[in-house]
Amino acid sequence: MANSNQNNSRVPFGWVVAFAALSVCAALFFLLSVWKDYDREWRGYQRTFREMLVERAGTEEERKAALASGDQFEQIIVAGGERVDRCVMCHRGVEHPAFKDADQPFARHPTIPPHPFEQFGCTVCHQGQGRATSVQDAHGEVAFWEEPLLRGGFIQASCGPCHAGALKDAPLIQKGKLLYLMNGCLACHKIRGAGGVVGPDLTFAGERKKDPKWHIEHFKFPQKVSPGSAMPAYGHLKPEDLEALTVYMLSLRRAPSALALAAPRPAAGKK
Ligand code: HEC
Ligand code: HEC
Ligand code: HEC
Ligand code: HEC
């Protein structure tokens, strides 16, 4: 009895092979299409950049060189491989004088204190996902990436870990520190040993929560973000004050790499 049952459910071997082959083909086809989409995005930006280079060429030689240049896979290897940043595959004009007023991602980088890109890369100041080559993935604006791109004023948070003390180019850290003292945060939180114990120690707050949006939302609605939280809401503060508090919170982390070792320490008063 049991035997006949088994016979009924047996599938011919040929079918199994055919099915397996078909599945492998489908998987390969899927991977290929994903890869092509992934690849296409940065190539599109490189093509546009080449067209802009041709337009902006001052001499016939420059024009010819621009026309002749092909797609380039480029990356900056930081601190011996601690980071690999491919942002320049799309942000092609960061060091190009003729791209001062270009649209993103082609614009020349705004003037900042000198940190050579070939040594520092980009993510050490901007976060994001250095190895990725599609816009959303590279900017880390996807669910699985915990360090989304820092834009505008939030970029200042990244200066804190390498530069202890006040920095005139990162005034939002100082402003945030002041707001922290003025709004009674100290009553519940400790930073480097000083403060209360109702809330978590914030000495490395910026290492646990690296998304500016999380902090803003948490300041406005602590109980929505952390159910049952004893933290009061700070939604009454001005948006720019919440931004400064967030920059200060994000700046509370350890220096990211060997790059930090040579950093001057303005607070020590010597150069
Ligand atoms: C596949 C192409 C691509 C890659 C790779 C890429 N970007 Fe972008 N980036 C863009 C585009 C397109 C924009 C403009 C749209 C936007 O703001 O999201 C942009 C905008 C930006 C902006 C904001 C500019 C502004 O005016 O607000 C910053 C900052 C930035 N990118 C940094 C980075 C960093 C850092 C990396 C590497 C981790 C990176 N990008 C990788 C395409 C790219
Ligand atoms: C030392 C830190 C640092 C490094 C390294 C750095 N940036 Fe920036 N970046 C900044 C700061 C600060 C600003 C904002 C300047 C301003 O607003 O005047 C900025 C602005 C930008 C902007 C304009 C968007 C905005 O919000 O103003 C883009 C795009 C950008 N950076 C891309 C890059 C790319 C690509 C790299 C790597 C090749 C890079 N950056 C490396 C600090 C850095
Ligand atoms: C990964 C660590 C790191 C980060 C992040 C970083 N710096 Fe620096 N910074 C350094 C180092 C190292 C030097 C020394 C560079 C040199 O002189 O070769 C330096 C130099 C400087 C100087 C002095 C330049 C001079 O002319 O003497 C200033 C000002 C400065 N940084 C401001 C900033 C600001 C503002 C930010 C954030 C946008 C920032 N740094 C982010 C490591 C860092
Ligand atoms: C009455 C006490 C109290 C006060 C005042 C208070 N907090 Fe909190 N805070 C908490 C508690 C409790 C938590 C843990 C639950 C949560 O995440 O909301 C917390 C969490 C946090 C976190 C998340 C820490 C982490 O690692 O998850 C940050 C950041 C923070 N607070 C910043 C602040 C700042 C900045 C202020 C002042 C503007 C402040 N807090 C005022 C009690 C307080």
Side-chain angles (χ1 to χ4, degrees), residues 74 76 78-79 82-83 85-95 102-126 128 130 138-139 149-163 167-173 176-177 179-189 191 195-209 214-215 218-219 221-234 237 241-242 244-246 248-253 255-266 271:
E74 244 185 275
I76 304 172
V78 183
E82 185 180 303
R83 285 161 192 268
D85 288 353
R86 296 176 178 154
C87 317
V88 286
M89 286 178 62
C90 297
H91 289 271
R92 307 217 37 88
V94 279
E95 296 193 286
D103 289 336
Q104 294 299 359
F106 308 114
R108 185 179 196 185
H109 200 277
T111 310
I112 55 166
H115 300 79
F117 294 144
E118 66 274 16
Q119 186 189 345
F120 284 83
C122 315
T123 52
V124 78
C125 291
H126 285 282
H139 291 172
L149 189 66
L150 297 180
R151 299 169 183 253
F154 291 118
I155 306 170
Q156 292 180 23
S158 63
C159 319
C162 292
H163 297 283
L167 256 186
K168 88 169 171 21
D169 299 290
L172 288 181
I173 298 182
K177 227 181 249 184
L179 285 163
Y180 182 85
L181 297 174
M182 283 161 49
N183 286 285
C185 317
L186 195 72
C188 294
H189 292 287
I191 294 181
V197 294
V198 179
D201 189 312
L202 297 180
T203 306
F204 299 119
E207 292 181 9
R208 288 195 301 276
K209 297 283 191 290
W214 185 92
H215 287 279
H218 181 245
F219 286 138
F221 313 106
Q223 288 76 27
K224 202 167 122 193
V225 176
S226 280
S229 174
M231 179 156 144
Y234 288 92
L237 296 185
D241 288 353
L242 292 182
L245 272 172
T246 298
Y248 178 44
M249 291 296 108
L250 292 174
S251 77
L252 296 171
R253 37 178 110 163
S257 77
L259 280 172
L261 295 176
R265 299 276 187 267
K271 190 148 191 270

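Counting convention: from 1, in listed order, for ligands and their atoms alike.
- Residue contacts with ligand 3 for Pro113 involve side-chain atoms from C-beta outward but no N, CA, C or O (heavy atoms, distance under 4.0 Å).
- Protein heavy atom nearest atom 29 (C) of ligand 2, with residue, atom name and distance: Gln104 NE2, 3.4 Å.
- The distance from atom 8 (Fe) of ligand 2 to the nearest N/O/S atom of Cys122 is not under 2.8 Å.
- In this structure, Pro200 counts as a contact residue of ligand 4, since one of its heavy atoms falls inside 4.0 Å of the ligand.
- In Asp85, neither the side chain nor the backbone holds a heavy atom less than 4.0 Å from any atom of ligand 2.
- Counting heavy atoms under 4.0 Å from ligand 4, residue Trp214 touches it through the side chain alone.
- Contact annotation: for Ala205 versus ligand 4, there are no heavy atoms closer than 4.0 Å.
- Ligand 4 is never approached by Tyr248 to a heavy-atom distance shorter than 4.0 Å.
- Within His115, the N, O or S atom lying nearest to atom 8 (Fe) of ligand 3 carries the name NE2.
- Atom 3 (C) of ligand 2 has Cys125 SG, 2.8 Å as its closest protein atom, hydrogens excluded (heavy atom only).
- Among the atoms of Ser229, no N, O or S atom falls under 2.8 Å of atom 8 (Fe) of ligand 4.
- Remark: ligand 3 and His163 share an N or O pair separated by less than 3.5 Å (distance only, no angle test).
- With a 4.0 Å heavy-atom cut-off, ligand 4 is reached by the side chain of Leu202 but not by its N, CA, C or O.
- Among the atoms of Gly121, none of the N or O lies under 3.5 angstrom from an N or O of ligand 2.
- Residue contacts to atom 8 (Fe) of ligand 2: His126 brings an N, O or S atom closer than 2.8 Å.
- Using a 4.0 angstrom heavy-atom cutoff, Val124 counts as in contact with ligand 3.
- Remark: distances from the non-hydrogen atoms of Ser158 to ligand 3 include one below 4.0 Å.
- At least one N, O or S atom of His189 sits under 2.8 Å from atom 8 (Fe) of ligand 4.
- At least one N or O atom of His109 sits closer than 3.5 Å to an N or O atom of ligand 2.
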